[in-house]
Student: 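Here's a structure for you.
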There are 2 protein chains.
Amino acid sequence: MIIKVKLVSALNEAYDALNDLLVKLFNNILTYEEKALITDEFKDISLNDMHVIEVIGLSQKKNMSSIAKSLEVTVGTLTIAINNLVKKGYVKRMRSVKDRRVVLVSLTEKGMHAYKHHEVFHDEMIKAIMKRLEGEQLDVLVKALKSVQEFFSTNKQI
Amino acid sequence: MIIKVKLVSALNEAYDALNDLLVKLFNNILTYEEKALITDEFKDISLNDMHVIEVIGLSQKKNMSSIAKSLEVTVGTLTIAINNLVKKGYVKRMRSVKDRRVVLVSLTEKGMHAYKHHEVFHDEMIKAIMKRLEGEQLDVLVKALKSVQEFFSTNKQI
DNA sequence: CGATATACTTTGATTATCAAAGTAAAGTTG
DNA sequence: CAACTTTACTTTGATAATCAAAGTATATCG
């Protein structure tokens, strides 16, 4: 009897802790990320802009459709975001020579700096997590997050 | 030598996995929540509206300033959100009799239904997460989330 | 009573977003 | 190969969320 009660209450504790943590985390991550990213050097771009920059990435030119898909916005919305980033000097636009309908987008030097700045933020967050976990706990966490992530990605379109 | 390389690469793997998972999870949870909440019954309110409803809560009347503070928006922004929710019948506005500058806000019947709907969503999400985790996974997840939360809340105002 | 503070609303501006219409290039087909 | 369809993107018009600053009404303090 007692054992059962104990088990249940441990589960309840985990339940409450999870609920509480998820709510708080969501609130904090966004405001933290915003404040961490929008420094004096990059004061003219929004968190949203930074996410566009993140998706464009350092490696190679990307077309509008694929960027829009990654960001889960319409191409029209992306056009406006890219207009802004071009105006501010973070991003270059080019027409593809192969297919002249296609617009190829890439980061300027300034855009790459912003990208690296963002990377540092992510890095610190991940390191902060890893520092606090010992040995196989890290493994367990990765597995746990994977299965949670699976749930969300498969149930995404309800 | 080999052992060291192995260790480092295991850590790197964990690092990459964590980074990837966190980014994906964050995006997916938001879209999942949005889709789960905005059903046929509550098709006229946004996720944002739902968060306002959540903060108002079931218990007692709240004034504008305290709600705005909880949501971390200006009172002006909240005024607009509340105008909408009143127009749609989710929320009631009253003047305090004690201090007639103060506006007291509470949920209508319809608002309470929406609140409960949201609660069910949270409950199902947490249960879905818990169901997928075995043994110590739950513990480690909670611990990891706690440390992340700590990281964010202590570093919040940069 | 008059000055100041507080609680809220309004206003004007900006940003993000979408759906739908528009434009231009590429592909298909009779 | 001319006409139609599809694709890739931009533009337009509308809406929502947001802020800072100005405005309004009430309360408090000296």
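Please read all numbers here as calculations on a predicted model, not as lab measurements.
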Student: Are the side chains of B/I126 and B/M130 in touch, meaning some heavy atoms are under 4.5 Å apart?
Tutor: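 Yes, their side chains come closer than 4.5 Å.
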Student: Please state how far atom CE in A/M64 lies from atom P in C/dA24, giving the value in whole angstrom units.
Tutor: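 Taking CE of A/M64 and P of C/dA24, I get 17 Å after rounding.
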Student: Say whether A/S66 and A/N63, considering side chains only, have a donor N or O and an acceptor N or O under 3.5 Å apart.
Tutor: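 Looking only at side-chain atoms, A/N63 and A/S66 do form a donor-acceptor pair, the distance falling under 3.5 Å.
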Student: Whole angstroms only, please: what is the NZ-P distance between B/K98 and C/dA7?
Tutor: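 For the pair B/K98 NZ and C/dA7 P, the rounded distance is 14 Å.
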Student: In whole angstrom, what separates A/L71's CG from C/dC18's P?
Tutor: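 My rounded result for the distance is 10 Å.
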Student: Mapping B/I80 and B/S65 onto DNA chain C by nearest heavy atom, which one lands closer to the 5' end?
Tutor: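 Per heavy-atom nearest nucleotide, the more 5' residue is B/S65.
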Student: If each of A/V73 and B/G76 is mapped to the nucleotide of DNA chain C with the nearest heavy atom, which maps nearer the 5' terminus, i.e. the 5' end?
Tutor: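 The 5'-side residue here is B/G76.
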Student: To the side chain of A/N84, which of D/dT10, C/dA16, D/dA8 is closest?
Tutor: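 Between D/dT10, C/dA16, D/dA8, the one nearest the side chain of A/N84 would be C/dA16.
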Student: How long is the line joining CE of B/M94 and C1' of C/dA7, in whole Å?
Tutor: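 My rounded result for the distance is 18 Å.
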Student: Pick base, sugar-phosphate or nothing for B/V75, based on heavy-atom distances below 4.0 Å to the nucleic acid.
Tutor: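 B/V75: base contact, heavy atoms under 4.0 Å.
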Student: It should be established whether B/S46 places a side-chain nitrogen or oxygen under 4.0 Å from OP1 or OP2 of nucleotide D/dA16.
Tutor: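 Looking at the OP1 and OP2 atoms of D/dA16, neither is under 4.0 Å from any side-chain N or O of B/S46.
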Student: Say whether B/D44 and B/Y90, considering side chains only, have a donor N or O and an acceptor N or O under 3.5 Å apart.
Tutor: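 Present: a donor and an acceptor within the cut-off.
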Student: Rounded to whole angstroms, how far apart are CG on A/L78 and C1' on C/dT15?
Tutor: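 A/L78 atom CG is separated from C/dT15 atom C1' by 15 Å.
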Student: For B/L78 and B/A68, which heavy atoms make the closest approach, and how far apart are they?
Tutor: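 Shortest heavy-atom contact: CD2-N, 3.6 Å.
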Student: Please give, in whole Å, the distance from C/dT17 P to B/L47 CG?
Tutor: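 Checked: the CG to P distance equals 14 Å.
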Student: So, is A/N48 near the phosphate of C/dT17, with a side-chain N or O under 4.0 Å from OP1 or OP2?
Tutor: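 Indeed, a polar side-chain atom of A/N48 lies that close.
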Student: Nearest-Å distance, CG (B/L85) to P (D/dA16)?
Tutor: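 For the pair B/L85 CG and D/dA16 P, the rounded distance is 12 Å.
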Student: Under 4.0 Å, heavy atoms only, any strand: does A/V103 hit a base, just the sugar-phosphate, or nothing?
Tutor: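 The answer is sugar-phosphate, as A/V103 gets under 4.0 Å only of primed atoms, P, OP1 or OP2.
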Student: By nearest atom, which of the nucleotides C/dA26, D/dA17, D/dC9 is closest to the A/R100 side chain?
Tutor: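 Looking only at heavy atoms from C-beta outward on A/R100, the closest nucleotide is C/dA26.
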Student: Could you tell me whether B/D123 and B/K127 make a salt bridge, using a distance below 4.0 angstrom between a side-chain N and a carboxylate O?
Tutor: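 Judged by the 4.0 Å cut-off on N to carboxylate O distance, B/D123 and B/K127 do form a salt bridge.
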Student: Establish, with yes or no, whether the OP1 or OP2 oxygen of D/dT10 is under 4.0 angstrom from a side-chain nitrogen or oxygen of A/R93.
Tutor: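 For D/dT10, OP1 or OP2 has a side-chain N or O of A/R93 closer than 4.0 Å.
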Student: Ignoring backbone atoms, test whether A/R101 places a side-chain nitrogen or oxygen under 4.0 Å from the OP1 or OP2 oxygen of D/dC9.
Tutor: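 Looking at the OP1 and OP2 atoms of D/dC9, neither is under 4.0 Å from any side-chain N or O of A/R101.
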Student: Please check the phosphate of C/dT17 (OP1 and OP2 only) for any side-chain N or O of A/T77 closer than 4.0 Å.
Tutor: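 Answer is no, no contact under 4.0 Å.
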Student: Between A/D99 (CG) and D/dT6 (C1'), how many Å, whole number?
Tutor: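 About 12 Å, once rounded to whole Å.
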